[in-house]
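For the numbers below, each heavy atom of this structure counts, side chains included, while hydrogens, waters and symmetry mates do not.
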Amino acid sequence: MELKKTPKADLENKRMLFTEIGLIVTLLIVFFAFEWKSYETQISTLESTTTIVTEEEIIPITTEEPPPPPEAPKQPVLSDFIDIVDDDVTIEEDILINTEDDNSLGVDIKDYVEEAVVEEVIEEEIPFAIVEEKPLFNGGDPQQAFTKWVYDNLEYPEIAKENGVQGRVYITFLVDVDGKVKDVKVLRGVDSTLDKAAVEVISRSPKWTPGKQRNKPVKVRYQFPIVFQLR
């Protein structure tokens, strides 16, 4: 059996209308969605703020009083009363002056004696290498003059010759401020017999011309080698 619909019952004719109505409703929903505003609720709190009031110190105004004026000098009071004093002093008119010499009033006059000038002496020892004016032996250079004198007066010990002992003995001595040779010592020896002979010959040395430092005589320490050699 074939079904038949009336044209009024056919909804295909109203399809376009329903579609348009659906689009309009959709657009309105979207529009209201964009236009919708949400407001955040803000809680306002009243904070209590305490302010500290600082009291200002009131400084009193002081005025410095000026010093009192100096006192005016007192004026001398003149008196009209004049006191007349009787002149009862007697003056001796005869005054005798003794013009003769009095030994008790004399002044002793002593002869002027010039004090002797004492030359200042430097007590410290100064090495021969650094002294300003070096000591001299017989007016000449000690390296030559004193060396010649030592070897002219040196005696080689016989026992040292027999035993074949030889070598170099280093002697140190002091040329004093008066030129005398003192404090003779063996600085480095070889044998007791050679050391003794070296000390004896240096101790017999004649006087030197003393060295000087700042133009004053000084003690000068001198070192001297003596060579003992068998021939």
Side-chain angles (χ1 to χ4, degrees), residues 57 59 62 64 67 97-231:
E57 184 180 358
I59 301 175
T62 59
E64 186 176 351
I97 299 175
N98 189 6
T99 58
E100 295 181 0
D101 294 336
D102 190 355
N103 294 331
S104 61
L105 301 177
V107 179
D108 294 336
I109 299 175
K110 297 181 180 180
D111 295 335
Y112 174 74
V113 179
E114 185 177 359
E115 295 182 358
V117 179
V118 179
E119 187 174 7
E120 183 181 356
V121 178
I122 300 176
E123 294 295 334
E124 61 179 347
E125 297 181 6
I126 300 178
F128 183 84
I130 64 173
V131 67
E132 292 179 356
E133 295 185 21
K134 302 184 183 302
L136 302 176
F137 181 78
N138 289 337
D141 184 10
Q143 294 290 343
Q144 298 178 359
F146 187 63
T147 301
K148 182 178 182 305
W149 181 90
V150 167
Y151 285 105
D152 289 343
N153 294 272
L154 181 63
E155 296 180 2
Y156 208 116
E158 292 296 331
I159 188 171
K161 289 181 181 180
E162 294 175 0
N163 295 327
V165 179
Q166 60 182 359
R168 188 186 300 268
V169 180
Y170 288 89
I171 300 294
T172 175
F173 58 92
L174 191 69
V175 179
D176 209 347
V177 293
D178 55 359
K180 293 182 180 180
V181 174
K182 297 180 180 179
D183 195 20
V184 183
K185 298 178 182 178
V186 177
L187 191 63
R188 188 172 67 188
V190 177
D191 180 75
S192 59
T193 56
L194 298 182
D195 297 347
K196 184 178 179 180
V199 171
E200 288 179 352
V201 69
I202 297 296
S203 300
R204 298 197 307 269
S205 170
K207 276 189 175 184
W208 292 48
T209 302
K212 290 185 177 182
Q213 188 79 7
R214 299 191 298 271
N215 204 25
K216 295 179 178 61
V218 292
K219 300 176 182 179
V220 179
R221 175 65 61 177
Y222 192 75
Q223 295 181 9
F224 186 80
I226 299 177
V227 179
F228 291 88
Q229 185 175 5
L230 294 173
R231 298 178 181 179

Apply the test side chain to side chain contact (heavy atoms under 4.5 Å, CB included) to residues Ile202 and Val181: give CA-CA distance (whole Å), side-chain angles for both, the deciding distance (0.1 Å), then the verdict.
CA-CA 8 Å; Ile202 297 296; Val181 174; 4.1 Å; yes
Heavy-atom donor-acceptor pair, [X] side chain to [Y] backbone, under 3.5 Å:
X	Y	value
Arg204	Asn153	yes
Glu132	Arg214	yes
Asp195	Val169	no
Asp178	Lys180	yes
Asn163	Val165	no

Would you check if Phe224 and Val150 make a side-chain contact, meaning some heavy-atom pair closer than 4.5 Å?
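Side-chain contact under 4.5 Å: yes.
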Is there side-chain contact between Trp208 and Pro142, with heavy atoms separated by less than 4.5 Å?
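Side-chain contact under 4.5 Å: yes.
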Within 6.0 Å of CG in Leu230, more than 12 heavy atoms from elsewhere
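Counting neighbours around CG of Leu230, more than 12 heavy atoms of other residues, nucleotides or ligands fall under 6.0 Å, so yes.
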Measure across [X] and [Y] and return the closest heavy-atom pair with its distance rounded to 0.1 Å.
X	Y	result
Val175	Pro135	CG1-CB, 4.1 Å
Ala197	Glu155	CB-O, 3.8 Å
Val220	Gly211	CG2-CA, 4.2 Å
Gly167	Leu194	N-CD1, 4.4 Å
Val190	Arg168	CG2-O, 3.1 Å
Ala160	Thr193	CB-OG1, 3.8 Å

Report the residues that fulfil side chain to side chain contact (heavy atoms under 4.5 Å, CB included) with Leu154, sequence neighbours left out, ordered by chain and then residue number.
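Leu154: side chain to side chain contact (heavy atoms under 4.5 Å, CB included) contacts with Tyr151, Val201, Ile226, Phe228.
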Pair Asp141, Leu136 - check side chain to side chain contact (heavy atoms under 4.5 Å, CB included), show working.
CA-CA 6 Å; Asp141 184 10; Leu136 302 176; over 6 Å; no
Under the salt bridge (Lys or Arg N to Asp or Glu O under 4.0 Å) rule, collect the residues that match up with Glu158, sequence neighbours excluded.
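Counting only residues at least two positions away or on another chain, Glu158 forms a salt bridge (Lys or Arg N to Asp or Glu O under 4.0 Å) with Lys161.
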Could you check whether Asp183 pairs with Arg221 (Lys NZ or Arg NE/NH1/NH2 to Asp/Glu carboxylate O, under 4.0 Å)?
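So Asp183 pairs with Arg221 through a salt bridge.
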Starting from the C-alpha separation in whole Å, work towards a yes-or-no answer on side chain to side chain contact (heavy atoms under 4.5 Å, CB included) for Thr172 and Tyr222.
CA-CA 6 Å; Thr172 175; Tyr222 192 75; over 6 Å; no
Take Leu187 and Gln223, measure what side chain to side chain contact (heavy atoms under 4.5 Å, CB included) needs, and give me the verdict at the end.
CA-CA 8 Å; Leu187 191 63; Gln223 295 181 9; 3.7 Å; yes
How many angstroms lie between NZ in Lys207 and CG in Asp176, if you round to the nearest 0.5 Å?
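Going from the NZ atom of Lys207 to the CG atom of Asp176 covers 10.0 Å.
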Identify whether NZ of Lys or CZ of Arg in Lys134 sits under 6.0 Å from the centre of the six-membered ring of Phe128 and within 45° of that ring's axis.
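Pair Lys134/Phe128 counts as cation-pi.
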What is the ring orientation for Phe146 with Phe137, classed by angle as parallel under 30°, tilted 30 to 60°, or perpendicular over 60°?
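The rings of Phe146 and Phe137 stand perpendicular, inter-plane angle above 60°.
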